[in-house]
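Worksheet: the structure to be examined is printed underneath.
Note: hydrogens, waters and symmetry copies are ignored here, and every other heavy atom, side chains too, is used. Naming convention: chains lettered A, B, ... in sequence-line order (proteins, then strands); numbering from 1 in each chain.
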Amino acid sequence: MDYKIRLAEVLSEILNNSTVSIQFLTQIIKKAKKNIDADFAINCFALKKNLKQDGLEIAKEIHKSFSSNFLNQNPFIQTVLIDGPYLNFKFNKIIIANEVMVQIFKDVNSYASSNFKKREKPERIVIEYPAPNTNKPLHLGHIRYMLLGQTLSIFTQCAKNEVFQVNLLNDRGIHICKSMWAYVKYGENKTPKSENQKSDHFVGYYYIKFAQEESRLKKYAQKNINFLEYELKKSPEYQNIDRIQELRKTIDRSKYGILQKELKDMLIAWEEEDKKVRNLWRKMNDWAENGFNQTFETFKIHHDKTYIESNIYKKGKKIVENGIKKGIFEKLDDGAVIINFNKKKLPKRKVLIRKDGTSLYITQDLHLAYQKMEDFNYNKSIYVIGNEQDMQLRVLFEILNKLGMKADNIHYSYGMINLISGKMKSREGTVVDADDIVEELKLLAMGEVKKRYSNLSKNEMEKRAMVIALASLRFFIIKYDYSRDFVFDPKKSLEFEGETGPYILYSYARICSIFKKAMEKNIKTPYDPIEDNITEILKIENLSLLENEHEFNLIELLYSYPDIIVNSVKQMKPHVLARYLYELAQEFTGFYHSCPIIKENPKLRNLRLLLCESIRRVLKHGLGLLTIDVLTEM
RNA sequence: GGAUCCAUCACCUAGCCUGGAUUGGGUGCUGGACUUCUAAUCCAGAUGUCGAGGGUUCAAAUCCCUCUGGAUCCA
């Protein structure tokens, strides 16, 4: 089925040279450029070193070997053309069309994963995402985070590995106290219900409230803060200690200082398990979590397990003690525990336990890694985390490595989403809220649906609008390389035209529409479900009716699907699949415009219907991997 | 002070790992196509010394070095 390999075999036979392996040939056989009328090509200069001959000469010789006799023996090769050092191979689309479509009709699923090499034991892979803080609702950054994590999970399954999706709720710490503080001050016992607000948004409201209050009070203390910073920046011998203390006291006495003190006290009360504080904390965290779960539901995200920071944040100490015993970590005289590195790309040292005995994030992360191991016995762990944390994870992985953990750790380091105004900051209100953007897109989609189908029930309209909105958002996020930062411009990003999810859905709906029209005209849809019909249609003499450029391109695209899947999945690059699906939809639309189907004679009509159905199945399958739903009408 | 990542048409982006033929899409712009399977569409046109300089190579957007500019992290 893999014609590239078969071509490599043929070439190897021709060359009959031990220094040129089939594997090497497969590597240098490249897809021909779009503007060249061929499927695959090799540049014979690539063989120069092995054959110790000029590239142009090699090309001529190989070309000569493709006598008509030889081509007859290998009917899948239609033509071999020479162009300087290039040999351009054109495959017989009819043979390919037959094989490809038969397989797609048999089972798209197994067709899609047909190019994976078989492994004996599936891997066990843990994927962690999106680890939100419980003091504010999810935003666009989390959406990227969620969609990448989710898609990776599906990809993992597609490659026949076992996946375990886990989440981590960051539910403690000073930042969590912020929304609590504001609720105590302004909450007046209001609840999400009483305010008719989504519960995580309700919590987020108080987080912003705090930030506003803080920045307002900070203004009054700013002068003194500036002085203090100036004084601290001086080198030690010039610092005026009395002045520093005086400034600190002044700041502490200001309203800003009092606020900071109250916040700290709250955290201490939390640590000491003060009932009042803990109750409030539990209440607000539940609100946040419930809200998250609703958003997860919208995006169809399910976790196998959710770890809670407040349950584990103290637990890393055992690991640290073990590390000290093994001599991997070092306990300093002041009580702090550190690890020293002497590797490039790593800091010189990292503190694991502060001198006051409190642990840091890294301590907790170490524990979590072992906890996951206990829970899932994984051999690979993927951390879907933004690229701003590259260093932290490098450190974490190095420590795990030194501790002797036998598993692959992968930082799936995705890029940040920024706004035109700069970074998204919840506390300044410059965020694109996850729920809001879905709502906004839905509204836009609703308008479009109404324009076309004004007599639909409201329920149906909303259903369609939601599918379109989510397709648009998902495709928009996934079509970019995950590692790149990008700027989100709401005006430009929320389009349904061009390189978008709705474009693909539209092509899909058009295929469905063709079938619908065919049924209305009592034309039997040939593929359903009698397979005998298919083989009849796919007979060579019928297939030779294919002659349009679009048809050939489509067959080629369908043929390359398993390859795309392997590339996309193995490299963990969902955008490769996303762009392929767009290309397929685009090619289909070109075909749609230039080739009529229903009014064609039955033989060609059936063939084209079959082609359409193949495209439809692949589109649906591919979109499914990206968790994008389809519509039969839009 | 130390480290990592990035730079491609007016704008966004793919290609870079694994070097190969005039870089591929999209938006926007100009013009054209709805009595024919849905115009959320299609067709045509203009726009690129792939940040700058050097090196490796028969061949560099792609690999290496330097510089400039931007993002991030650590101290």
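- When the C1' atom of C73(B) is taken as reference, atom CD1 of Ile362(A) falls 14 Å away, rounded to whole Å.
- Rounded to a whole angstrom, the distance from the C1' atom of A3(B) to that of U13(B) is 28 Å.
- Nucleic acid contact class of Ile36(A) (heavy atoms, under 4.0 Å, all strands): base.
- Remark: the backbone N or O of Ile382(A) is not paired with any side-chain donor or acceptor of Asn409(A) at under 3.5 angstrom.
- In this structure, Tyr582(A) places its OH atom 12 Å from C1' of G24(B), rounding to the nearest Å.
- Note on Asp489(A): nothing from the nucleic acid sits closer than 4.0 angstrom, heavy atoms only.
- Lys48(A) comes within contact range of at least one nucleobase, with a heavy-atom separation under 4.0 Å.
- More than 12 heavy atoms of other residues, nucleotides or ligands sit less than 6.0 Å from atom CD of Glu520(A).
- Comparing the P positions of A14(B) and C9(B) gives a spacing of 13 Å, expressed to the nearest Å.
- Atom pair Leu47(A):CG and C58(B):C1' shows a separation of 14 Å (rounding to whole Å applied).
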Canonical and wobble pairing (Watson-Crick, G-U, under 3.5 Å) of RNA chain B, dot-bracket with |: (((((((..((((......[...)))).(((((.......))))).....(((((..]....)))))))))))).
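- For the pair Arg464(A) and Tyr453(A), the cation sits on the ring face: its NZ or CZ lies under 6.0 Å from the ring centre, inside 45° of the axis.
- Dashed line: the shortest gap from a side-chain N or O of Lys517(A) to OP1 or OP2 of U38(B) is under 4.0 Å.
- Listed here is the closest heavy atom pair of Pro574(A) and Tyr412(A): CD-OH, 3.4 Å.
- Contact check, Arg484(A) against A14(B): a side-chain N or O comes under 4.0 Å of OP1 or OP2.
- Of the P atoms belonging to G19(B) and G2(B), the separation is 33 Å, rounded to the nearest Å.
- With no hydrogens or angles considered, a side-chain donor-acceptor pair links Thr358(A) and Asp356(A) at under 3.5 Å.
- The distance between atom CG of Asp481(A) and atom P of C17(B), rounded to the nearest whole Å, is 14 Å.
- Nucleotides G53(B) and C73(B) are separated by 32 Å at their P atoms, to the nearest Å.
- Residue Lys423(A) has its side chain nearest to U72(B) when only G24(B), C37(B), U72(B) are considered.
- In this structure, Arg349(A) forms no cation-pi arrangement with Phe341(A), as its terminal cationic atom is not both closer than 6.0 Å to the ring centre and no more than 45° off the ring axis.
- In this structure, Phe476(A) and Phe488(A) have perpendicular ring planes: the angle between them is above 60°, well past the 30° mark.
- In this structure, Gln571(A) reaches the bases: a heavy-atom distance under 4.0 Å links it to at least one base atom across the strands shown.
- Contact between Met424(A) and Ile417(A) at its shortest, heavy atoms only, is CE-O, 3.4 Å.
- Within the nucleic acid shown, Tyr508(A) has no heavy atom closer than 4.0 Å to any nucleic acid atom.
- Nucleotide A71(B) holds its P atom 17 Å from the CG atom of Asp390(A), rounded to whole Å.
- The P atoms of A60(B) and G55(B) are separated by 12 Å, rounded to the nearest whole Å.
- Listed pair Gln586(A) / C42(B) fails the phosphate criterion, with no side-chain N or O lying under 4.0 Å from OP1 or OP2.
- Here the P atom of nucleotide U38(B) and the CD1 atom of Ile598(A) are 7 Å apart, to the nearest Å.
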Between the protein and nucleotides 39-41 of chain B, are there any N/O to N/O pairs under 3.5 Å, and if so, what are the atom names and distances?
residue : atom : partner   : partner atom : Å
A39(B)  : OP2  : Arg510(A) : NH2          : 2.6
A40(B)  : OP1  : Arg452(A) : NH1          : 3.2
A40(B)  : OP1  : Tyr506(A) : OH           : 2.8
A40(B)  : OP2  : Arg452(A) : NH1          : 2.3
A40(B)  : O5'  : Arg452(A) : NH1          : 3.4
A40(B)  : N9   : Arg452(A) : NH1          : 3.4
A40(B)  : N7   : Arg452(A) : NE           : 3.2
A40(B)  : N7   : Arg452(A) : NH1          : 2.9
U41(B)  : OP1  : Gly498(A) : N            : 3.1
U41(B)  : O2'  : Arg510(A) : NH1          : 3.0
U41(B)  : O2'  : His593(A) : NE2          : 2.6

Salt bridge (Lys or Arg N to Asp or Glu O under 4.0 Å) assessment of Glu551(A) paired with Arg608(A): CA-CA 9 Å; Glu551(A) 291 170 327; Arg608(A) 286 187 172 158; 2.6 Å; yes
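- Under a 4.0 Å N-O distance rule, the pair Asp37(A)/Lys90(A) qualifies as a salt bridge.
- Of the P atoms belonging to A39(B) and U35(B), the separation is 11 Å, rounded to the nearest Å.
- Following rounding to the nearest Å, Leu81(A) (CG) and A21(B) (P) show an atom-to-atom distance of 18 Å.
- Residue Cys595(A) is in base contact, counting any heavy-atom pair closer than 4.0 Å across all strands shown.
- Rounded to an integer number of Å, the gap from Asn567(A) CG to G15(B) P is 11 Å.
- When heavy atoms are screened at a 4.0 angstrom cut-off, Asn88(A) is found touching base atoms of the nucleic acid.
- Across all strands shown, Glu633(A) has heavy atoms under 4.0 Å from base atoms, whether or not it also approaches the sugar-phosphate.
- With Tyr592(A) as the aromatic partner, Arg510(A) meets the cation-pi criteria of under 6.0 angstrom to the ring centre and within 45 degrees of the ring axis.
- Across the P atoms, C58(B) and U4(B) are found 31 Å apart, a figure rounded to whole Å.
- Against the 90° criterion about 0, the sugar-base torsion of C34(B) places it in the syn range.
- Taking the six-membered ring where tryptophan is involved, the planes of Phe40(A) and Phe91(A) are tilted, since the angle between them lies from 30° to 60°.
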